[in-house]
Amino acid sequence: MDRASKEAFVAEFNEKLGRAQLAIVTDYRGIDVNSMVTFRKSLAAVEGAEYKVVKNRLARRAIEGTDFEGLLEFLDGPNGVLLSYGDVVEAAKTLTEFMKDNEDMEVKGAALDGAMLSEAQIKALAELPSKAVLQSMLLGVLQAPSRNFVSLLANANRQIINVLAAYRDKLEESS
């Protein structure tokens, strides 16, 4: 890799880190090429997620000055970095699913919006519902008060009609 290529990689990786919400540093030793291709294909299905094998020295230069500086301590040996720009839950789910079948892959460290995460926290993140499900749950919660208010008004009208019908029936019986 010549100097210009290295500078281009550092600039590109730094730009990607600037957009990323989640970065996970993994040790991929022991993973065969076919498994890695399968992992990348499954990650491609996740919107806004990618996995890059990085050279530590260049990755260090790119990470310096970003929210992910805490990951610098994990950059030794062969590393790959999973970056997620969109739905971090789906990216974490894809990684943990892959790790179940490929025990050789190991999470060294992770950061979500600048906060460091442990492997247990990544697994907990992967167990959350997806962004779309969370949005629909929030929409249901936001709609509940107005739905309850409409039901209350409808019930009040029904009660008035029932009282008037009972009064009418009583008048008919007495006549």
Side-chain angles (χ1 to χ4, degrees), residues 1-139 141:
M1 206 179 226
D2 64 342
R3 183 180 184 97
S5 300
K6 290 177 183 178
E7 289 173 357
F9 173 82
V10 169
E12 177 189 355
F13 195 58
N14 183 276
E15 182 270 330
K16 288 181 178 188
L17 286 167
R19 291 185 295 127
Q21 296 174 343
L22 174 70
I24 302 173
V25 177
T26 62
D27 184 344
Y28 61 87
R29 279 184 274 199
I31 305 295
D32 60 68
V33 174
N34 291 334
S35 297
M36 191 60 76
V37 168
T38 303
F39 173 59
R40 285 188 168 156
K41 282 182 183 178
S42 63
L43 202 56
V46 176
E47 186 178 339
E50 67 177 309
Y51 185 80
K52 292 190 88 55
V53 173
V54 295
K55 291 189 175 193
N56 294 332
R57 196 178 72 230
L58 299 177
R60 276 191 176 86
R61 288 184 184 163
I63 290 174
E64 288 174 354
T66 67
D67 290 341
F68 301 104
E69 279 190 293
L71 296 177
L72 289 173
E73 67 182 273
F74 302 110
L75 294 177
D76 59 338
N79 292 310
V81 179
L82 179 128
L83 297 173
S84 177
Y85 314 105
D87 191 355
V88 297
V89 172
E90 285 300 316
K93 278 183 185 180
T94 304
L95 177 64
T96 54
E97 287 297 318
F98 179 75
M99 288 174 58
K100 286 179 186 174
D101 298 332
N102 298 280
E103 295 165 357
D104 289 334
M105 182 166 284
E106 170 187 331
V107 171
K108 290 183 171 184
L112 175 63
D113 290 328
M116 297 302 295
L117 300 177
S118 67
E119 187 172 351
Q121 289 171 317
I122 293 169
K123 288 180 181 177
L125 180 66
E127 291 173 3
L128 289 174
S130 69
K131 185 176 183 179
V133 172
L134 287 173
Q135 287 173 336
S136 65
M137 291 169 69
L138 177 63
L139 184 61
V141 168

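Residues take their numbers from the sequence shown, with the count starting at 1.
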Closest heavy-atom pair, Phe68 versus Ala20, reported as atoms and distance to 0.1 Å, is CZ-O, 3.5 Å

Q) Does a side-chain heavy-atom distance below 4.5 Å link Leu82 with Thr94? A) no

> Do Leu43 and Phe98 have side-chain heavy atoms sitting under 4.5 Å apart?
Replying inline: no

task: Answer yes or no: is there a side-chain heavy-atom contact under 4.5 Å between Val107 and Met99?
output: yes

The side-chain hydrogen bond (donor to acceptor under 3.5 Å, both in side chains) partners of Glu7 (sequence neighbours excluded) come to Arg3

Between the CG atom in Leu75 and the NZ atom in Lys108, the distance rounded to the nearest 0.5 Å is 7.5 Å

Notebook entry, point to check: Hey, are the side chains of Leu17 and Leu83 touching, using non-hydrogen atoms and a 4.5 Å cut-off?
Noted result: yes

Sequence neighbours excluded, the answer for ring pair (Phe, Tyr, Trp, His ring centres under 6.0 Å) partners of Phe9 is Phe13

Looking at side-chain heavy atoms only, is the closest gap between Tyr28 and Phe39 below 4.5 Å? no

Rounded to the nearest 0.5 Å, the OG atom of Ser84 sits from the CG atom of Leu125 at a distance of 9.0 Å

Rounding to 0.5 Å, atoms CG (Asn102) and CD (Glu97) come to a distance of 11.5 Å

Is the closest basic N to carboxylate O distance between Arg19 and Glu15 below 4.0 Å? yes

Minimal heavy-atom distance between Gly77 and Asn56, with the atoms involved, is O-ND2, 2.9 Å

Problem - Residue pair Val25 / Val54, side-chain heavy-atom distance below 4.5 Å - result: no

For Arg29, the side-chain hydrogen bond (donor to acceptor under 3.5 Å, both in side chains) test, sequence neighbours excluded, returns Asp27

Rounding to 0.5 Å, atoms CD (Glu64) and CG (Leu72) come to a distance of 6.0 Å

Q | Enclosure of Lys123 NZ (heavy-atom neighbours >12, cutoff 6.0 Å) | A | no

Taken to the nearest 0.5 Å, the spacing of Leu58 CG from Asn14 CG works out to 12.5 Å

So NZ of Lys52 and CZ of Arg40: to nearest 0.5 Å the spacing works out to 8.0 Å

Go through it in stages, so that I can follow the logic: the residues are Leu117 and Leu22, the test is side chain to side chain contact (heavy atoms under 4.5 Å, CB included), and I'd like the CA-CA distance, side-chain angles, deciding distance and then a yes or no. CA-CA 10 Å; Leu117 300 177; Leu22 174 70; 4.2 Å; yes

Sub-3.5 Å donor-acceptor pair from the side chain of Thr26 to the main-chain atoms of Gly80, do we have one?
yes

Going by heavy atoms in the side chains, are Thr96 and Glu127 under 4.5 Å from each other?
no

- Query: Do Val10 and Lys6 come within less than 4.5 Å of each other through their side chains, counting heavy atoms only?
  - Reply: no

Taking every heavy atom of Gln21 against every heavy atom of Val88, the minimum-distance pair comes out as OE1-CG1, 3.6 Å

### Query
Passes side chain to side chain contact (heavy atoms under 4.5 Å, CB included), Met116 versus Leu71? Steps please.
CA-CA 8 Å; Met116 297 302 295; Leu71 296 177; 3.7 Å; yes

Ion pair present between Lys16 and Glu12, side-chain N to carboxylate O less than 4.0 angstrom? yes

Heavy atoms of Ala91 and Ala49 approach each other most closely as CB-CB, 4.2 Å

